[in-house]
Engineer: 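Below: one structure in structure tokens.
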Amino acid sequence: GSGAAFTCEETPSCVVTKTTAAGSLTRLAGKVPSSCTHAVGTGSAAGFNNPVGIALFGTKVFVAEYFGQYVRDVKTADGDAQIYAGTGVAGNLDGPPGTGTVNNPYGIAVDSAGVLFTAEYGSDCVRKADLAGTITTIAGTGVPGFSDNVIGVWAEFDKPYGIAIDANDYVFIVEHATAKIRLLAPNGVVATVTPTNPLSTPHGIAVAANGDVFVADTGNKPSQINMFTCAFTWREGYPPMFACTPEKVHTPVMAVNVG
């Protein structure tokens, strides 16, 4: 790609920014002066109500609008920001654009086919939106809790925050309330990844091309990124087997998507 990086800045800035490979930072979309109000538009005419998650796919970045109760798609060329999913009313109703609702979407990621996944803090679910923007619940009952090694819609989550997808379309989710890393396999089964060293207050997660898993863990001091190299064996009909080797990097960073 171009080597550009895209970030979203939550309250009080509420903007989407672009940083070129040369280090030039510009505002791609968001109100001038800064205002955390929802608005469809291009560049400074667009508005976001607390954008917290961002994912790049092709010529667009998808943005989780936490308080606005939307998922937005923003063109990287001109900052045109439209509604991809959600109605502005909190809920977890499945359906097409204009009908399907989201509830405090936080983490956001895209699989190899361009299907969008969101970790919804408000609904305790993992949702997905297809290429047409039709959103459905893929994991979670909507009731906070913990249940494991079951098909996704029977699994329970407790405040899912960050989400990431690896090269084989395994979906990793960090739970803020339980400090667990959950795994949603392509066959729909949900399990738990258990690193050797426990997490404290995980917020974000990312998976490198080589399979290394990075977790932003704000509860450990100093602020850190926990890196795990996780090898797992999936056994159809049985709980998966995991082996994770941790390494702590004591540097506060923000994970961004690079094109």
Side-chain angles (χ1 to χ4, degrees), residues 4-20 24-93 96-110 114-123 125-129 132-135 159-164 176 203-206 216 218 254-259:
F6 299 86
T7 60
C8 60
E9 299 179 14
E10 56 183 316
T11 304
S13 298
C14 292
V15 296
V16 176
T17 61
K18 174 181 178 179
T19 304
T20 67
S24 175
L25 175 67
T26 58
R27 182 189 305 237
L28 180 64
K31 297 211 175 269
V32 179
S34 295
S35 173
C36 295
T37 55
H38 169 85
V40 171
T42 300
S44 61
F48 304 90
N49 191 350
N50 202 35
V52 292
I54 189 168
L56 172 69
F57 188 80
T59 60
K60 292 182 177 181
V61 287
F62 295 95
V63 178
E65 195 176 340
Y66 185 82
F67 288 136
Q69 310 299 352
Y70 290 104
V71 175
R72 309 289 296 278
D73 67 81
V74 184
K75 293 180 180 177
T76 58
D78 59 6
D80 180 35
Q82 300 295 320
I83 296 169
Y84 193 75
T87 65
V89 177
N92 62 348
L93 180 67
T99 300
T101 56
V102 296
N103 191 348
N104 298 132
Y106 196 93
I108 192 167
V110 185
V115 176
L116 189 71
F117 289 74
T118 62
E120 289 193 7
Y121 189 87
S123 68
C125 290
V126 177
R127 315 286 300 287
K128 75 172 183 178
T134 297
I135 192 162
K159 299 299 175 279
Y161 238 38
I163 189 168
H176 185 253
H203 276 65
I205 189 167
T218 60
M254 177 188 293
V256 297
N257 294 275
V258 179

Engineer: Determine whether a donor-acceptor pair (N or O, by modelled atom type, separation under 3.5 Å) exists between the side chain of Thr76 and the backbone of Thr59.
Structural biologist: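 Yes: the side chain of Thr76 pairs with the backbone of Thr59.
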Engineer: Hey, what do you get for CG (Leu28) to OG1 (Thr19), rounding to the nearest 0.5 Å?
Structural biologist: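 Rounded to the nearest 0.5 Å, the CG-OG1 separation comes to 10.5 Å.
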Engineer: Tell me whether Arg72 contacts the main-chain N or O of Gln82 through its side chain, where contact means a donor paired with an acceptor under 3.5 Å.
Structural biologist: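 Present.
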Engineer: For the side chain of Asn104 and the backbone of Tyr66, is there at least one donor-acceptor N/O pair under 3.5 Å apart?
Structural biologist: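 Flag set: sc Asn104 to bb Tyr66 pair under 3.5 Å.
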Engineer: For Ile108 and Val63: C-alpha separation, side-chain torsions, deciding distance, then whether side chain to side chain contact (heavy atoms under 4.5 Å, CB included) applies.
Structural biologist: CA-CA 7 Å; Ile108 192 167; Val63 178; over 6 Å; no
Engineer: Looking at every non-hydrogen atom in both residues, tell me the closest pair between Lys31 and Val15 and how far apart they are.
Structural biologist: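 In this case the closest contact between Lys31 and Val15 is O-CG1, 4.4 Å.
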Engineer: Side chains of Thr7 and Ile54: closer than 4.5 Å at any heavy-atom pair?
Structural biologist: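 No, too far: nothing below the 4.5 Å cut-off.
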Engineer: With a 4.5 Å heavy-atom cut-off, do Tyr70 and Val40 have their side chains touching?
Structural biologist: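 A side-chain contact is absent here, since even the closest heavy-atom pair is not under 4.5 Å.
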Engineer: Counting heavy atoms not belonging to Lys159, are there more than 12 under 6.0 Å from its NZ?
Structural biologist: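 Yes.
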Engineer: Could you go through Val74 and Phe48, starting from their C-alpha distance and side-chain angles, then the distance that decides it, and tell me whether this counts as side chain to side chain contact (heavy atoms under 4.5 Å, CB included)?
Structural biologist: CA-CA 11 Å; Val74 184; Phe48 304 90; 4.0 Å; yes
Engineer: Return the CG to CZ distance between Asp73 and Phe62, rounded to the nearest 0.5 Å.
Structural biologist: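 Interatomic distance, Asp73 CG to Phe62 CZ, rounded to 0.5 Å: 5.5 Å.
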Engineer: Would you give the length of the straight line joining atom CG of Asn50 to atom NE2 of His38, rounded to the nearest 0.5 angstrom?
Structural biologist: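 Reported to 0.5 Å precision, the distance equals 14.0 Å.
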Engineer: Measure across Asn92 and Ser123 and return the closest heavy-atom pair with its distance rounded to 0.1 Å.
Structural biologist: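 Of all heavy-atom pairs spanning Asn92 and Ser123, the closest is CB-CB, 4.0 Å.
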Engineer: Go through the steps for Thr99 and Leu93 under the test side chain to side chain contact (heavy atoms under 4.5 Å, CB included), then give the verdict.
Structural biologist: CA-CA 8 Å; Thr99 300; Leu93 180 67; 4.2 Å; yes
Engineer: Give me the atom names and distance for the closest heavy-atom approach of Val110 to Ala55.
Structural biologist: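 Minimum heavy-atom separation between Val110 and Ala55: CG2-CB, 3.9 Å.
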Engineer: Can you tell me how far the NE2 atom of His203 sits from the OH atom of Tyr161, to the nearest 0.5 Å?
Structural biologist: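 Interatomic distance, His203 NE2 to Tyr161 OH, rounded to 0.5 Å: 4.0 Å.
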Engineer: Who passes disulfide (SG to SG under 2.5 Å) against Cys125, sequence neighbours left out?
Structural biologist: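 Disulfide (SG to SG under 2.5 Å) list for Cys125, sorted by chain: empty.
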Engineer: Test: disulfide bond (SG atoms under 2.5 Å apart). Region: residues 35-93. Which pairs qualify, not counting sequence neighbours?
Structural biologist: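 Every pair satisfying disulfide bond (SG atoms under 2.5 Å apart) with a residue in residues 35-93: Cys14-Cys36.
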Engineer: If you compare all heavy atoms of Ala64 against all heavy atoms of Pro105, which two are closest, and at what distance to 0.1 Å?
Structural biologist: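 Taking every non-hydrogen atom into account, CB-O, 3.6 Å.
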Engineer: Mind listing the closest non-hydrogen atom pair of Ala119 and Gly162 along with its distance?
Structural biologist: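 Closest approach of Ala119 to Gly162, heavy atoms only: CB-O, 4.3 Å.
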Engineer: With no hydrogens and no angle check, do the side chains of Ser13 and Ser34 hold a donor and an acceptor under 3.5 Å apart?
Structural biologist: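 Distance-only check fails for Ser13 and Ser34.
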Engineer: As an exercise, state the distance from CD of Glu120 to CD1 of Ile135, rounded to the nearest 0.5 Å.
Structural biologist: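 It comes to 5.5 Å.
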Engineer: Could you walk me through whether Thr87 and Thr101 pass side-chain hydrogen bond (donor to acceptor under 3.5 Å, both in side chains), step by step?
Structural biologist: CA-CA 6 Å; Thr87 65; Thr101 56; 5.7 Å; no
Engineer: Roughly how far apart are Gln69 CD and Ile83 CD1, rounded to 0.5 Å?
Structural biologist: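 It is 12.5 Å, given to the nearest 0.5 Å.
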Engineer: Measure across Ala109 and Ala164 and return the closest heavy-atom pair with its distance rounded to 0.1 Å.
Structural biologist: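 Taking Ala109 first and Ala164 second, the nearest heavy atoms are CB-CA, 4.1 Å.
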